[in-house]
Amino acid sequence: MVELAARKHVQFILSKAKEKDFYESVLMEHIRLNGAYWGLTTLDLLGKLDTVDVNEVVSEVLQCQHESGGFGGNIGHDPHILYTLSAVQVLALFDKVDVLDIDKIANYVAGLQNEDGSFSGDMWGEIDTRFSYISICCLALLHRLDKINVEKAVDYILSCKNHDGGFGCTPGGESHAGQIFCCVGALAITGSLHRIDKDLLGWWLCERQVKAGGLNGRPEKLPDVCYSWWVLSSLIMIDRVHWIDKEKLAKFILDCQDIENGGISDRPDDACDAYHTYFGVAGLSLLEYPGVKPIDPAYALPVDVVNRIILGIKE
């Protein structure tokens, strides 16, 4: 089996952070905070977070915050719950959450909860179970879950459960591995996993593994490295990870590496990017690959970061 080219991946992530004028960077301008989360978490999992300037990162993140308390994907961009969580996660990596006005952010997030328990992504009102997870995860990291109606939030998520055991973006929506992670993660954080059929869901998730070892997001789709996170983390949270071939999955992830230039792609021999590099490394972390720090399957942050923030344990 090919080994993880960790040093090359660190160089790849660091080089992407500097390419602000390249075509791909322009296309990703509106999600720069998400990109920061993917890249910096990758560096932390590989033990190289100290290669970046903490003060520079904190300064850039804070410049993305709006008066409402929410964060935009980049400086001058509109606030959205997606980027607000990424901002909190990035600052959590560096143990810098204390620079935030926590109640201001918590009030922004809580203000996006709707009467039925669902969450809108921003002021324009789009509803999606992604936003339910993001809101719950963000408030849990800030120790402000009491700002929302958790019971209603959980009930809404459960209303999005389908007959096949999976979850969709809204009630009746098609089951999708990304949405399943969001729903299972939210239920895990709120202590509500007992309210789902773990065997039924586990069966749907384990069927996502294809012959090549990779995982797809829906039936009849191609495998994609990013589902090494979405599917695997969900299986771990419901204690059904032994239902897939972990060795074949690790090989699939490693085969998607660019050994010469660094980075991980969606499938072997495709172009690499920060998104798939993060989810590939995160997947290997869940598989307990040597040299990769453990990651928490619900919070999508290194375990030591979660222990420090949620449990107050400092290593």
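No hydrogens, no waters, no symmetry mates; every other heavy atom, side chains included, goes into these values.
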J.: With a 4.0 Å cut-off on N to O distance, would you call R240 and D199 a salt bridge?
T.: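 Result for this pair is yes, salt bridge flagged.
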J.: Determine, step by step, whether H66 and D78 satisfy the side-chain hydrogen bond (donor to acceptor under 3.5 Å, both in side chains) criterion, reporting the C-alpha distance in whole Å, the side-chain angles of both residues, the deciding distance to 0.1 Å, and the verdict.
T.: CA-CA 8 Å; H66 285 248; D78 291 342; 5.3 Å; no
J.: Distance-only, no hydrogens or angles: does the E60 side chain make a donor-acceptor pair with backbone N or O of V57 under 3.5 Å?
T.: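 Checked: no pair found.
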J.: Hey, is NZ on K96 packed in by over 12 heavy atoms from elsewhere, all under 6.0 Å?
T.: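 Counting other residues, nucleotides and ligands, NZ of K96 stays at 12 neighbours or fewer.
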J.: State yes or no: do L222 and Y275 share one hydrophobic cluster built from I, L, V, M, F, W and Y residues joined by side-chain heavy-atom distances below 4.5 Å, directly or via other members?
T.: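 No: no chain of side-chain contacts under 4.5 Å links L222 to Y275.
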J.: In terms of relative ring orientation, are W229 and F279 parallel, tilted or perpendicular, with 30° and 60° separating the classes?
T.: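 W229 vs F279 ring planes: tilted.
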J.: Could you check E174 against N162 for side-chain hydrogen bond (donor to acceptor under 3.5 Å, both in side chains), going step by step and ending with a plain yes or no?
T.: CA-CA 8 Å; E174 179 186 10; N162 294 316; over 6 Å; no
J.: Supply the atom-to-atom distance R267 CZ to H276 NE2, rounded to the nearest 0.5 angstrom.
T.: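 Taking CZ in R267 and NE2 in H276, the distance rounds to 7.5 Å.
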J.: Taking all heavy atoms of Y299 and all of I189, pick out the closest pair and write down the distance.
T.: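 Closest approach of Y299 to I189, heavy atoms only: OH-CG2, 3.6 Å.
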J.: Is I148 linked to L82 within one hydrophobic cluster, defined over Ile, Leu, Val, Met, Phe, Trp and Tyr using a side-chain heavy-atom separation of less than 4.5 Å?
T.: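 Cluster IDs for I148 and L82 match.
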J.: Give a yes or no on whether K104 atom NZ has more than 12 heavy-atom contacts from other residues, nucleotides or ligands under 6.0 Å away.
T.: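 Buried by this count: over 12 neighbours within 6.0 Å.
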J.: Would you say I313 and L142 are hydrophobically clustered, going by side-chain heavy atoms of ILVMFWY under 4.5 Å?
T.: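 Linked, I313 and L142 end up in one cluster.
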J.: Is a salt bridge present between R195 and D155, judged by a nitrogen-to-oxygen distance below 4.0 Å?
T.: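 Yes.
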J.: For the residue pair A92 and I309, what are the closest heavy atoms and their distance?
T.: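 Scanning both residues completely, I find the closest heavy atoms to be CB-CD1, 3.2 Å.
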J.: Check D258 with K8, please: is the shortest side-chain N to carboxylate O separation under 4.0 Å?
T.: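 A salt bridge is absent here (no side-chain N lies under 4.0 Å from a carboxylate O).
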J.: Do L205 and W243 have side-chain heavy atoms sitting under 4.5 Å apart?
T.: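 No, side chains not in contact.
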J.: Any side-chain heavy atom of L4 within less than 4.5 Å of one from Y289?
T.: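 The answer is yes; the side chains approach within 4.5 Å.
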